[in-house]
Amino acid sequence: GEHCHYGQQIAVVRGELAYFANIYPGGVRVYRQGASNIEGAGFPHDDRNEGEDDVVLMVTYVIPEGKPLAQTDLASSWRDVVAGAARIHL
């Protein structure tokens, strides 16, 4: 379902992944084998495998310590997600 992350996500796709977000023409972008995706903190989206083969994401998350990988309660937590992303220390 629709979710966002507290920090940045960097991913490479194996297979084919449909990625739904209002920033794409028609609201969807399909990532194919070998494509990469860099996603900012607090970016609401949904993704799913609409093909016949398995999808594997090789992902690195840069998320503040103690925060979950994903947040699904977007309405009540949006400010917290963005504020948490601002506190990432490398």
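For residues 5-32, the salt bridge (charged side-chain N to carboxylate O under 4.0 Å, His left out) pairs, not counting sequence neighbours, are Glu16-Arg32. Listed by first and then second residue, the salt bridge (charged side-chain N to carboxylate O under 4.0 Å, His left out) pairs that reach into residues 4-13 come to none, sequence neighbours excluded. The salt bridge (charged side-chain N to carboxylate O under 4.0 Å, His left out) pairs that include a residue from residues 51-62 number zero, where partners must be two or more places apart or lie in different chains.
At least one side-chain heavy atom of Leu57 sits less than 4.5 Å from a side-chain heavy atom of Leu17. Under the 4.5 Å side-chain criterion, counting only non-hydrogen atoms from C-beta, Val59 is in contact with Tyr61.
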List the atom pairs, donor and acceptor, that lie under 3.5 Å between side-chain atoms in residues 35-46 and the rest of the protein, sequence neighbours left out.
unit_1	atom_1	unit_2	atom_2	d
Glu39	OE1	Tyr19	OH	2.3
Glu39	OE1	His45	NE2	3.3
Glu39	OE2	His5	NE2	3.3
Glu39	OE2	His45	NE2	3.4
His45	ND1	His3	O	3.4
His45	ND1	Phe43	O	2.8
His45	NE2	His3	NE2	3.0
Asp46	OD2	Arg48	NH1	2.9

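Grouping Ile, Leu, Val, Met, Phe, Trp and Tyr by side-chain contacts under 4.5 Å, direct or through others, puts Phe20 with Val28.
Taken to the nearest 0.5 Å, the OH atom of Tyr6 stands 11.5 Å off from the CG atom of Leu69.
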